[in-house]
Protein chains: 2
Amino acid sequence: MTNKKNTKDLILDAAEKLFAVRGFYGVSIRQITAEADVDPALASYHFGKKNDIFDAVMLRRAEILNRERIQMLDDCIRRAQPNPAPLHEIIDAFTHALLNRSNKGGTGWKSYFAIIAQINNHPELGGVIMTQYFDPLAKKFLDAIHATMPAAEKEDLFWCYHFLSGALTLTFSGTERISNLSDGLCQSSNLDAVHERLVPFITAGFEAFKQQPNKTP
Amino acid sequence: MTNKKNTKDLILDAAEKLFAVRGFYGVSIRQITAEADVDPALASYHFGKKNDIFDAVMLRRAEILNRERIQMLDDCIRRAQPNPAPLHEIIDAFTHALLNRSNKGGTGWKSYFAIIAQINNHPELGGVIMTQYFDPLAKKFLDAIHATMPAAEKEDLFWCYHFLSGALTLTFSGTERISNLSDGLCQSSNLDAVHERLVPFITAGFEAFKQQPNKTP
DNA sequence: AATTAATTTAAACAAGTGTTGAATTAATTT
DNA sequence: AAATTAATTCAACACTTGTTTAAATTAATT
């Protein structure tokens with residue numbers, strides 16, 4: 001097991017860490033290369049423009065994460081055949097990989113999720129990665145949901161997905177202020193506790209749209 | 001009705017608009033004052049440091065919004081006395097002002113919500129405003145929920161609040177990519193449609209924790 | 001061992017950064 | 001009307017920004 005990292009990864013690690021805290025525009029190339037203990041010119045040499053560094057940071061983990069999540073969705077659907085997969089299993093499959101990486105994946109993954117949360121507010125930055133990786137996954141997820149809730153309206157499910165997406169984003173970004181609300185309730189870092197509550201919460205939300213509303217024209 | 005705005009508001013309007021799109025670090029004072037058609041030095045003259053401009057932008061609407069939301073919560077509680085307020089009314093009171101301003105409040109409010117979403121990921125920026133305005137409101141909201149769901153565990157409700165907060169943030173930031181998932185389903189800007197779905201979704205999520213789980217030790 | 005390729009260094013570039021001070025104009029008070 | 005305060009302009013400051021260039025060094029290939 002080689003412990004010595006190459007320059008490209010050193011830069012990506014440093015960029016990931018700093019982007020997570022201060023955002024794309026809040027971090028300079030010189031700060032990144034200083035954190036990586038590397039000459040500033042190497043950033044341009046290895047990656048090109050600053051935007052390309054950001055894209056490289058995103059791509060690195062997007063592939064891993066995406067493969068895992070699609071796999072879990074497929075497994076969950078296959079297990080239930082010929083019936084549709086249970087709703088809570090679909091939602092668990094959609095969220096489990098996030099929890100797992102955020103919990104046991106190390107600081108790099110934590111930073112990565114924080115950046116994902118930022119991308120939601122800056123479409124100009126991560127547009128390509130999102131369209132290429134997350135959208136197909138979301139489509140597969142929504143299809144599975146629709147299969148297990150055939151009576152629900154598609155538009156309802158579409159919005160429910162957005163609510164799930166928002167809850168997920170904030171939960172796993174890790175940057176949320178726990179504030180003085182918790183009163184010591186939340187012994188942080190216990191992300192399993194979060195997941196135990198997130199899945200029932202979201203499942204119940206979706207189920208509220210299981211039947212079409214009484215249309216009385 | 002005076003149409004002529006003073007310099008301070010011109011700067012705040014421009015800053016709000018630009019911060020919403022590119023974030024705090026992504027916008028320079030010169031860009032702000034150019035957008036406001038005003039001399040760059042006036043930013044420092046009227047507000048001080050760049051951080052103070054950001055705080056002023058936040059403060060302006062935080063007071064208005066906060067007063068409205070607290071009012072609606074109080075009204076909803078008073079209406080139900082001596083019974084606890086219905087769950088869905090509490091959630092509506094918590095979200096209605098956001099919807100209303102986002103829908104009919106003009107572009108300034110839209111930008112404001114986008115900045116709020118950013119603050120969630122950059123606690124260093126809006127910490128003061130959040131602690132001063134949003135936390136007390138959240139506490140009042142959670143108390144009301146607890147009153148109407150006395151059998152639920154406090155920690156469960158705390159996390160449910162976070163899921164609500166995430167869903168709200170993403171929904172009203174307005175910066176979310178609608179993506180190619182919608183297939184023309186979502187004729188955007190129809191935020192009433194969002195609210196009609198958000199309240200039942202969140203209500204059902206909370207209700208999943210109405211009874212304590214069977215503790216079988 | 002010689003040659004080519006890949007990587008790292010150090011210096012520099014023009015442009016943009018937040019902020020300030022003195023001079024000038026506008027508004028308000030005496 | 002004069003005097004005083006407030007608001008605005010212009011120029012400049014020291015510094016940082018992303019990026020490039022050419023030379024020096026290291027690694028890989030012949």
Side-chain angles (χ1 to χ4, degrees), chain A residues 2-60 111 115 118-119 122 124-129, chain B residues 2-60 111 115 118-119 122 124-129:
Chain A
T2 80
N3 210 1
K4 184 100 174 172
K5 290 200 169 187
N6 60 7
T7 306
K8 276 179 120 172
D9 281 330
L10 284 176
I11 293 176
L12 289 185
D13 289 344
E16 185 175 60
K17 174 179 175 183
L18 296 180
F19 282 152
V21 181
R22 317 233 320 165
F24 178 75
Y25 300 107
V27 177
S28 73
I29 291 185
R30 284 174 162 86
Q31 290 172 330
I32 293 173
T33 51
E35 172 82 26
D37 203 36
V38 141
D39 192 274
L42 289 176
S44 304
Y45 174 75
H46 283 292
F47 296 100
K49 311 284 180 189
K50 188 184 177 186
N51 273 291
D52 299 324
I53 302 179
F54 187 84
D55 289 345
V57 168
M58 291 288 91
L59 266 176
R60 211 170 32 151
S111 299
I115 303 178
Q118 293 174 27
I119 283 185
H122 291 239
E124 41 167 316
L125 285 182
V128 186
I129 279 84
Chain B
T2 81
N3 210 0
K4 184 97 174 175
K5 288 199 169 185
N6 60 8
T7 305
K8 277 179 118 172
D9 281 329
L10 285 175
I11 293 176
L12 289 184
D13 289 344
E16 185 174 60
K17 175 179 174 183
L18 296 180
F19 283 152
V21 181
R22 315 234 321 163
F24 179 75
Y25 301 107
V27 177
S28 73
I29 290 184
R30 283 175 164 86
Q31 288 172 330
I32 293 172
T33 51
E35 172 82 26
D37 202 36
V38 141
D39 191 273
L42 288 177
S44 304
Y45 175 74
H46 282 293
F47 296 100
K49 310 285 181 189
K50 189 185 178 187
N51 274 292
D52 300 324
I53 302 179
F54 188 84
D55 289 345
V57 168
M58 290 289 91
L59 267 174
R60 214 171 30 152
S111 299
I115 303 179
Q118 294 175 27
I119 283 186
H122 290 239
E124 42 167 314
L125 285 181
V128 187
I129 278 84

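In this text, all values refer to a predicted model and were calculated from it rather than measured experimentally. Each chain gets a letter, A, B and so on, in the order the sequences are listed, and its residues count up from 1.
When all heavy atoms of I29(B) and P40(B) are compared, the closest pair comes out as CG2-O, 4.1 Å.
If Y45(A) and Q31(A) are placed on DNA chain D by their nearest nucleotide, the residue sitting closer to the 5' end is Q31(A).
dT20(D) atom C1' lies 13 Å from atom CG of L42(A), rounded to whole Å. Note: CD1 (I11(B)) to C1' (dT8(D)) measures 11 Å, nearest angstrom. Atom-to-atom, CG of L10(B) to P of dA7(D) comes out at 14 Å; the value is rounded to the nearest Å. Rounded to a whole Å, the CG atom of N6(B) is 13 Å from the P atom of dT28(C). K50(A) places its NZ atom 13 Å from the C1' atom of dG16(C), with the value rounded to the nearest Å. The interatomic distance linking F24(B) (CZ) with dT17(C) (C1') rounds to 12 Å, in whole Å. The CZ-P distance, from R22(B) to dG16(C), rounds to 13 Å in whole Å. The nearest whole Å value for the distance from the CZ atom in F47(A) to the P atom in dG18(D) is 15 Å.
Considering only side-chain N and O atoms, H46(B) lies nowhere under 4.0 angstrom from the phosphate OP1 or OP2 of dA6(D). Dashed line: the shortest gap from a side-chain N or O of T7(B) to OP1 or OP2 of dT8(D) is under 4.0 Å. A close approach under 4.0 Å does occur between a side-chain nitrogen or oxygen of K49(B) and OP1 or OP2 of dT20(C).
At a threshold of 4.5 Å between non-hydrogen side-chain atoms, the residues L10(B) and H46(B) do not count as touching. Side-chain contact between T33(A) and L42(A): absent, with no pair of heavy atoms (C-beta onward) separated by less than 4.5 Å.
Ring planes of F24(B) and F19(B): tilted class, angle from 30 to 60°.
Candidate nucleotides dT9(C), dG21(C), dT17(C) were compared by shortest atom distance to the side chain of A41(B), and dG21(C) ranks first. Proximity note for D39(B) (side chain, C-beta onward) versus dC10(D), dG18(D), dT19(C): the nearest is dC10(D).
Among the heavy atoms of the strands lying under 4.0 Å from S44(A) is at least one base atom, whether or not backbone atoms are also near. Among the heavy atoms of the strands, none lies under 4.0 Å from A43(B).
For R30(B) against dG16(C), a side-chain-to-base donor-acceptor contact under 3.5 Å is absent.
Without hydrogens or angle criteria, E35(B) side chain to A15(B) main chain gives no donor-acceptor distance under 3.5 Å.
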